[in-house]
Amino acid sequence: MMDKIHDLLCVPLKQIIDERGAVYQYLKSTGDTFRGFGEAYYSKVNTNVVKGWKFHKEIHQHFCVPFGRIKLIAYDCRIDSPSYGAIQEIIIDDRENYQMISMRPEIWYSFQALSEPFALLANIINKPHDPAESLNLPLDNKEIPYVWK
Ligand SMILES: Cc1cn([C@H]2C[C@H](O)[C@@H](COP(=O)(O)OP(=O)(O)O[C@H]3O[C@H](C)C(=O)[C@H](O)[C@H]3O)O2)c(=O)[nH]c1=O
């Protein structure tokens, strides 16, 4: 998919690999996208499962995939955005697409594990998790023009 969502950034990350293993870079407080620290967690996604749709009213998220492979779909519903209506597909994994996704608030997203037996989507958010701050929609809905197959 060719759409690009305004303000959604994909930042390639380094993996420093040697015979003992590797260091996978993720997020620095000096980086342009850093908005402060609230909480860090991993979302485990079993093979082929899709989680979403999700939407955060306020929090800024930083995703990366330290294990496995994830397909992330984002939808821009902001009427005043230059990319209003855009759908962006992003592959994030622990190999050739190792990258950090900086996801500002007010973007709908859902994600699927493409790897076996699961994938981990790491998330660093700028405020502690608060269920009252998020919205959810079923995968099959009339508002988001994307069909998961
Ligand atoms: C994130 C979180 C969740 N929970 C509880 C709430 C639910 O009872 C349970 C599962 O949460 P949820 O269904 O939201 O999990 P995911 O679908 O993996 O989604 C989570 O990880 C993806 C990447 C997101 O973007 C979501 O914002 C985040 O909630 O854990 C907590 O108690 N504390 C927390 O910090």
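Because the structure is a prediction, the values reported are computed rather than measured. The first residue of the sequence shown is numbered 1, and numbering continues consecutively from there. Just follow the structure's listing: the first ligand is 1, and inside any ligand the first atom is 1.
Ranking the protein heavy atoms by distance from atom 18 (O) of ligand 1 puts S43 OG, 2.5 Å first. Given atom 21 (O) of ligand 1, the protein heavy atom at minimum distance is Y41 CE1, 3.2 Å. The closest protein non-hydrogen atom to atom 22 (C) of ligand 1 is F111 CZ, 3.8 Å. Closest to atom 25 (O) of ligand 1, if we only count protein heavy atoms, is Y109 OH, 2.5 Å. For atom 5 (C) of ligand 1, the closest heavy atom belonging to the protein is H129 NE2, 4.7 Å. Closest to atom 35 (O) of ligand 1, if we only count protein heavy atoms, is E39 OE2, 2.6 Å.
Taking 4.0 Å as the cut-off, Q61 counts as a neighbour of ligand 1 on heavy-atom distance.
In this structure, atom 9 (C) of ligand 1 has its sub-4.0 angstrom surroundings free of protein heavy atoms. Counting protein heavy atoms under 4.0 angstrom from atom 27 (O) of ligand 1 gives one or more. For atom 32 (O) of ligand 1, no protein heavy-atom neighbour is found at a distance under 4.0 Å.
Ion pairing between E39 and K127 fails under the 4.0 Å rule for side-chain N and carboxylate O. With respect to the salt-bridge test (charged N to carboxylate O, under 4.0 angstrom), the residues D76 and R78 qualify. Under the 4.0 Å criterion applied to side-chain N and carboxylate O atoms, D18 and R20 are assigned as salt-bridge partners.
A search for ring pair (Phe, Tyr, Trp, His ring centres under 6.0 Å) contacts involving F67 returns F118, not counting sequence neighbours.
Separation of the W53 and F55 ring centroids does not fall under the 6.0 Å cut-off.
A distance of 11.0 Å separates CG of N46 from CD of E116, quoted to the nearest 0.5 Å.
Under 4.0 Å from ligand 1, the heavy atoms of K54 that appear belong solely to its side chain.
Close approach of ligand 1 to H56 is summarised as follows: ligand atoms under 4.0 Å from at least one heavy atom of the residue are 27 (O). Per-residue contacts place L121 under 4.0 angstrom from the following atoms of ligand 1 (heavy atoms of the residue considered): 23 (C).
The hydrophobic cluster containing L8 also includes I5, V45, V49, F63, V65, I70, L72, I90, I92, I101, M103, I107, Y109, F111, L121, under a criterion of side-chain heavy atoms closer than 4.5 Å among ILVMFWY residues, counted directly or through chains of members.
For the residue pair N123 and Y41, a side-chain donor N or O sits within less than 3.5 Å of a side-chain acceptor on the partner.
Using modelled atom types, no side-chain atom of Q25 and backbone atom of L13 make a donor-acceptor pair closer than 3.5 Å.
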